[in-house]
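Beneath this line is the structure, given in structure tokens, with notes to follow.
Computed from a prediction, not measured in an experiment: that's the story for all the values here.
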Amino acid sequence: PRSTLFPYTTLFRSGQRYPADPPTVDEIVAVMRQAGDDRHGHRLTALIVVLWRAGLRIHEALSLTETDLDRRRGSILVRHGKNDRRREVGMDAWAWSAIEPWAADRAKMPVGALFCVIDGPTRGRAWSASAARVELHHLALKAGIRRRFAPRSEEHTSELQSHHDL
């Protein structure tokens, strides 16, 4: 029997799993080219690069702080990973150079989350996952990609990491 409080619950496919369908390298590059060259574009590009090249989940990337990045060692410290586990991941030199514009913009804001709100009274506070997903979705549509855009691809890192030409 359907609940009168939630009459639409039968329409949703809760708990159903779909096969992994990560974006292709060309799709990721197309989305990054649409990001723009202002601070908002730099933040989106840096987020895509961290998701793609370091293989982070979106909540892991959004919980990073500026001090979690160690460019000298080429590593990122993930303090709150899946099941709240701590781990360290690596990123190549190209990825570090790609996030540099955002790092420069971020240094001009209050100390805090690496991926933060840029404007308004909450400037410098952590950017929400839902807001980041909406921005990624809009950017993907702008690039002509109509399916789900989630650049995290641990399963396909060998293919993705070998493709450096933007």
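Leu51 and Leu141 are not part of a single hydrophobic cluster, where members link through side-chain heavy atoms under 4.5 Å apart. Placement of Leu62 and Val134 in two distinct hydrophobic clusters is found when ILVMFWY residues are connected by side-chain heavy-atom separations under 4.5 Å, directly or transitively.
Between the CE atom of Met109 and the CZ atom of Arg39 there is a distance of 5.5 Å, given to the nearest 0.5 Å. The line from CD of Glu100 to OG1 of Thr45 is 13.5 Å long, rounded to the nearest 0.5 Å. Here the CZ atom belonging to Arg43 is positioned 10.5 Å from the CG atom belonging to Asp105, to the nearest 0.5 angstrom. One distance of note links CD1 of Ile118 with CG of Asp38; it measures 7.5 Å at 0.5 Å rounding. Going from atom OG of Ser128 over to atom CD of Glu135 covers 10.0 Å, rounded to the nearest 0.5 Å. Atom-to-atom distance recorded for Arg147:CZ and Glu27:CD is 4.0 Å, nearest 0.5 angstrom.
Of all non-hydrogen atoms in Met91 and Trp96, the two that sit nearest each other are O-NE1, 3.1 Å. Heavy atoms only, all atoms of each residue included: Arg106 and Gly112 are closest at NH2-N, 3.1 Å. Taking all atoms of both residues into account, the shortest heavy-atom contact from Leu64 to Val50 is CD1-CG1, 4.2 Å. Here the closest heavy-atom approach between residue Val31 and residue Ala140 is recorded as CG2-CA, 3.8 Å. Between Leu47 and Ala132, the shortest heavy-atom distance links the atoms CD2-CB, 4.0 Å. In this structure, Pro101 and Ser97 approach most closely via the heavy-atom pair CD-O, 3.7 Å.
Relative ring orientation between Trp102 and Phe115 is described as parallel, the plane-to-plane angle staying below 30° on a 0-90° scale split at 30° and 60°.
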Give the C-alpha distance, both sets of side-chain angles, the deciding distance and a yes or no for side chain to side chain contact (heavy atoms under 4.5 Å, CB included) between Leu139 and Ile48.
CA-CA 11 Å; Leu139 205 59; Ile48 292 168; 4.3 Å; yes

Gln34 vs Leu44, side chain to side chain contact (heavy atoms under 4.5 Å, CB included): CA-CA, chis, key distance, verdict:
CA-CA 10 Å; Gln34 292 296 319; Leu44 275 169; over 6 Å; no

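The shortest side-chain heavy-atom distance between Val25 and Trp52 falls under the 4.5 Å cut-off. Within the 4.5 Å cutoff, side-chain heavy atoms of His42 are placed close to those of Asp37. For the pair Met32/Val49, a side-chain contact is recorded, criterion being any heavy-atom separation below 4.5 Å from C-beta on.
A 6.0 Å sphere centred on CZ of Arg71 holds more than 12 heavy atoms belonging to other residues, nucleotides or ligands. Counting non-hydrogen atoms of other residues, nucleotides and ligands closer than 6.0 Å to NE2 of His59 gives a total above 12.
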Would you mind writing out the side-chain donor-acceptor pairs for residues 74-81 within the sub-3.5 Å range, not counting sequence neighbours?
unit_1, atom_1, unit_2, atom_2, d
Arg79, NE, Asp68, OD1, 2.5
Arg79, NH2, Asp68, OD1, 3.0
His80, ND1, Asp84, OD1, 2.7

